[in-house]
Amino acid sequence: MGLFSGWFKGPKIDTAKSEANAKKMRALFDQAVQNGQEYRLIFGYTEDVSRFNYGFVHGSKTKIGNLIVGWNEAAQTIVVVPTVPDLSGCGEPVFYRREEILKAYRNRYPTDAFVIYPDRKGYLAINAYDWLDDEKLYVYLEQEQELAAFTAFFTERFAKK
């Protein structure tokens with residue numbers, strides 16, 4: 001390690017807060033999903049924007065939806081559980097089984113999102129990052145390894161056209 005290693009990594013991760021949030025996420029997911037322990041988890045979010053053109057997104061009323069995203073590689077299934085930034089509760093899970101969805105792909109523009117089309121009527125775009133600063137909107141979670149594993153699963157085993 002050189003003298004300057006680590007200089008450009010940004011703010012330091014709060015490991016204790018991240019681990020506490022990961023435990024809360026796991027408890028919520030297991031409560032909402034039968035056999036929840038069979039799924040690996042990441043935190044993600046989705047944006048509900050009133051205008052579709054990205055150029056106008058920041059002028060529109062954007063709603064952020066927090067998501068606990070579980071995936072089971074053997075079953076080729078992704079389960080999405082809506083939650084809130086303080087992880088005090090969650091909604092009903094939605095299952096996306098590869099054989100039942102219309103298509104799924106990774107869309108890298110304008111944001112890096114995992115897009116699932118369950119049918120021709122709508123879609124879900126899951127945005128997921130290593131960790132996010134704004135805790136009023138997002139769950140604070142360091143998830144670099146899990147996100148890399150989810151990305152590999154999604155692109156190599158789940159995505160379809």
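Atoms considered below: every heavy atom in the structure, side chains included; atoms not considered: hydrogens, waters and symmetry mates. Predicted, not measured: the structure shown is a model, and the values here were computed from it.
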[X] to [Y] - nearest heavy-atom pair and separation:
X    : Y    : answer
T151 : F114 : OG1-CZ, 3.4 Å
I116 : I101 : CG2-CG2, 3.9 Å
A113 : N127 : CB-OD1, 3.5 Å
D112 : R106 : OD2-NH2, 2.7 Å
I126 : G44  : CG2-CA, 4.3 Å
E146 : R40  : OE2-NH2, 3.0 Å

Co-membership, hydrophobic cluster, residues [X] and [Y], 4.5 Å side-chain:
X    : Y    : value
F154 : V69  : yes
L147 : W131 : no
V94  : F150 : yes

For the backbone of [Y] and the side chain of [X], can you confirm whether one donor and one acceptor N or O come within less than 3.5 Å of each other?
X    : Y    : result
T46  : A125 : yes
D130 : Q143 : yes
N72  : E38  : yes

For a 4.5 angstrom cut-off between non-hydrogen side-chain atoms, does I13 reach Y140? yes

Could you tell me if the side chain of D119 sits less than 4.5 Å from the side chain of L102, heavy atoms only? no

List, one per line, each side-chain donor-acceptor pair under 3.5 Å for residues 73-81, sequence neighbours excluded.
from	atom 1	to	atom 2	distance (Å)
E73	OE2	R157	NH1	3.1
Q76	NE2	R157	O	3.4
T77	OG1	A75	O	2.9

If you measure from NZ on K160 to NZ on K103, what distance do you get to the nearest 0.5 Å? 12.0 Å

What's the verdict on side-chain contact (heavy atoms from CB on, under 4.5 Å) for L41 and W71, showing C-alpha distance, side-chain angles and the deciding distance? CA-CA 7 Å; L41 301 183; W71 79 98; 5.6 Å; no

Step by step, work out the side-chain contact (heavy atoms from CB on, under 4.5 Å) result for Y105 and V115. CA-CA 5 Å; Y105 64 95; V115 184; 4.1 Å; yes

How would you list all residue pairs meeting side chain to side chain donor-acceptor pair (under 3.5 Å) that involve residues 90-102, not counting sequence neighbours? none

Derivation of the side-chain contact (heavy atoms from CB on, under 4.5 Å) call for Y138 and Y129: CA-CA 10 Å; Y138 310 107; Y129 295 98; over 6 Å; no

Can a salt bridge be assigned to the pair K17 and E135 using a cut-off of 4.0 Å between side-chain N and carboxylate O? yes

Could you check I64 against E47 for side-chain contact (heavy atoms from CB on, under 4.5 Å), going step by step and ending with a plain yes or no? CA-CA 5 Å; I64 303 294; E47 295 182 27; 3.6 Å; yes

Table please: side-chain donor-acceptor pairs of residues 22-35 below 3.5 Å, with sequence neighbours left out.
from	atom 1	to	atom 2	distance (Å)
R26	NH1	D30	OD1	3.1
R26	NH1	G36	O	2.9
R26	NH1	Y39	O	3.4
R26	NH2	Y39	O	2.7
D30	OD2	Q37	NE2	2.5

With F43, which of I68, N21, L67, N66 fulfils side chain to side chain contact (heavy atoms under 4.5 Å, CB included)? N66

Whether Y117 and Y123 hold their rings parallel, tilted or perpendicular, with breakpoints at 30° and 60°: tilted

